[in-house]
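Reviewing the structure listed below.
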Amino acid sequence: MKKAITPNVVSSAELEYYRRPVVQKDVDIELFHQKILGFHKDNRRSFPWRETTDRYAIMVSEIMLQQTQADRVTEKYQAWMRRFPDIRTLADASLRDVLALWSGLGYNSRGQRLQNCAREIEDRFNGVVPSLPTELKTLPGIGDYTCRSIPVFADNLDVAAVDTNIRRIIIHEFALPEDISKSQIQAVAEQLLPIGRSRLWHNALMDYGALFLTSRNTGIRPLTKQSKFEGSKRWYRGRLLKELVARDCVFVEEIHEKYGSCPWGLQEILDDLLREGLVEEADWSNRQGGRVLRIRAR
DNA sequence: ATCCGGAACG
DNA sequence: CGTTCAGGAT
């Protein structure tokens, strides 16, 4: 049985401070700022997306970082930015190229949605990534966290973006219940934000959570839980999509032969891929002795 | 509330 | 081998 670390790693006076439900007084918040920023001064991670304020580049990194460890994103991000350096290039690319570069990151729909973001930005925002959370939120694959994190890191905007690290830190440091609502956490995060230092603050919190106040150390579990992957429906879907990316097109019959061992409805998986627009039926399908599928051409 | 990937870690 | 991960859509 692992023992979770307790907040009183420093002093009992600090413990008393941390145990307060929600801190309102400026002096207490100032103490918390010093604690986090002080830690960050000596323990900061280095990532390529921290070297830019280009909003498109930040958007790419934030989508890639969704549910993916930061260390694992670095190389993918660099390859992506070389191949798709700007909105226009990404909007004009083929979905096959997009998925090929996404390969290995997981949750392939994120890659597709990122491209759809680029296409919508071309159409609706004159090719310029929006700067406001309310506008970003209307784009595919950009939700409550990402619509805030992009302006935070690109523009130093004073809004609070709560990811799994920041949620865990707030729950632990202020001894809040784990089942606290998203809106409650959001409210606390907004109170804690040091105005004018949003980018630095969010980087500091995330480094603090990733390097020190980890899930393992605190015993605080993340919101999302996954069923076993090996042999799962997602596992077959991933393999299937990977093969479709590698090949021009595939007969449905061939898919059933190759993945006949799939205990899940293979047809259901294919229907999902078709419905989501990742895969399409070739227009010359059926004239070739059966249905033919391929990655959506456009 | 469930589904969406896949790699890395202890 | 179970858990985690700068979440989002349905």
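So that the names make sense, note that chain A is the first sequence line, chain B the second, and so on, each numbered from 1.
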Subject >> Rounded P spacing from B:dG5 to C:dT10 in Å >> reply: 14 Å
Subject >> Cationic N near anionic O, under 4.0 Å, A:Asp158 to A:Arg199 >> reply: no
Original post:
Is the centre of the A:Trp49 ring less than 6.0 Å from the centre of the A:Tyr77 ring?
Top reply: yes
**OP:** Would you list the pairs meeting salt bridge (Lys or Arg N to Asp or Glu O under 4.0 Å) in which at least one residue belongs to residues 118-128 of chain A, sequence neighbours left out?
**Re:** A:Arg88-A:Glu122, A:Glu120-A:Arg124
Original post:
Roughly how many Å is it from OH in A:Tyr145 to P in C:dG8, rounded to a whole number?
Top reply: 8 Å
Original post:
Can you tell me how far P of C:dA9 sits from CD1 of A:Ile63, to the nearest Å?
Top reply: 9 Å
Original post:
Base, sugar-phosphate alone, or nothing: which one does A:Asp144 contact when heavy atoms must sit under 4.0 Å apart?
Top reply: sugar-phosphate
Original post:
For A:Thr164, which contact category applies under a 4.0 Å heavy-atom criterion: base, sugar-phosphate, or nothing?
Top reply: sugar-phosphate
Original post:
Would you say A:Gln69 reaches C:dC5's phosphate, i.e. side-chain N/O to OP1/OP2 under 4.0 Å?
Top reply: no
Subject >> Within the 6.0 Å centroid threshold, strictly below: A:Phe32 and A:Trp201 >> reply: yes
Original post:
How many Å lie between CG on A:Leu65 and P on B:dG5, as a whole number?
Top reply: 19 Å
**OP:** Select base, sugar-phosphate, or nothing to describe what A:Arg168 touches, counting heavy atoms under 4.0 Å on all strands.
**Re:** sugar-phosphate
Original post:
Think A:Arg237 has a side-chain N or O under 4.0 angstrom from the OP1 or OP2 of B:dG5?
Top reply: yes
Subject >> Any donor-acceptor N or O pair under 3.5 Å, side chains A:Arg113, A:Asn116 >> reply: no
**OP:** Could you verify whether a donor N or O on one side chain and an acceptor N or O on the other, from A:Gln112 and A:Tyr107, lie under 3.5 Å apart?
**Re:** no
Subject >> Salt-bridge present (A:Glu276, A:Arg237; N to O < 4.0 Å) >> reply: yes
Original post:
With rounding to whole Å, what would you report as the distance between B:dG10 and C:dA6 at their P atoms?
Top reply: 14 Å
Original post:
How is A:Arg275 classified with respect to the nucleic acid when contacts are heavy atoms under 4.0 Å: base, sugar-phosphate, or nothing?
Top reply: nothing
Original post:
Touch check for A:Glu276, heavy atoms < 4.0 angstrom, all strands: base, sugar-phosphate only, or nothing?
Top reply: nothing
Original post:
If you check the A:Lys225 side chain, which of B:dA7, C:dA6, C:dT3 turns out closest?
Top reply: C:dT3
Subject >> Phosphate-side-chain proximity, A:Thr146 and C:dG8, N/O vs OP1/OP2 below 4.0 Å >> reply: yes
Original post:
Of the nucleotides B:dG10, C:dG7, B:dG5, which has the atom closest to the A:Arg216 side chain?
Top reply: B:dG10
**OP:** Record whether the side chain of A:Thr68 comes under 3.5 Å of the base of B:dG5 through a donor-acceptor pair of N or O atoms.
**Re:** yes
Original post:
For A:Lys76 and B:dA8, what is the distance between atoms NZ and P respectively, to the nearest whole Å?
Top reply: 10 Å
Original post:
Do any of residues 101-117 of chain A sit with a heavy atom less than 4.0 Å from DNA chain C, and if so which?
Top reply: A:Tyr107, A:Arg113
Original post:
Atom CZ of A:Arg234 and atom C1' of C:dC5: how far apart are they, to the nearest Å?
Top reply: 13 Å
Original post:
Of A:Lys137 and A:Phe153, whose nearest nucleotide on DNA chain C comes first from the 5' end?
Top reply: A:Phe153
Original post:
Between the side chains of A:Tyr259 and A:Glu254, is a donor N or O closer than 3.5 angstrom to an acceptor N or O?
Top reply: no
**OP:** With heavy atoms under 4.0 Å as the rule, sort A:Ser227 into base, sugar-phosphate or nothing.
**Re:** nothing
Subject >> Other ILVMFWY residues reachable from A:Phe251 by side-chain steps of under 4.5 Å >> reply: A:Trp284, A:Val292
Subject >> Side-chain donor/acceptor of A:Arg45 to base of C:dA6, under 3.5 Å >> reply: yes
Original post:
Touch check for A:Phe47, heavy atoms < 4.0 angstrom, all strands: base, sugar-phosphate only, or nothing?
Top reply: base
Original post:
How long is the line joining CG of A:Leu223 and C1' of C:dA9, in whole Å?
Top reply: 15 Å
**OP:** Side chain of A:Gln226 only, please: which of B:dG5, C:dA6, C:dT3 is the nearest?
**Re:** B:dG5
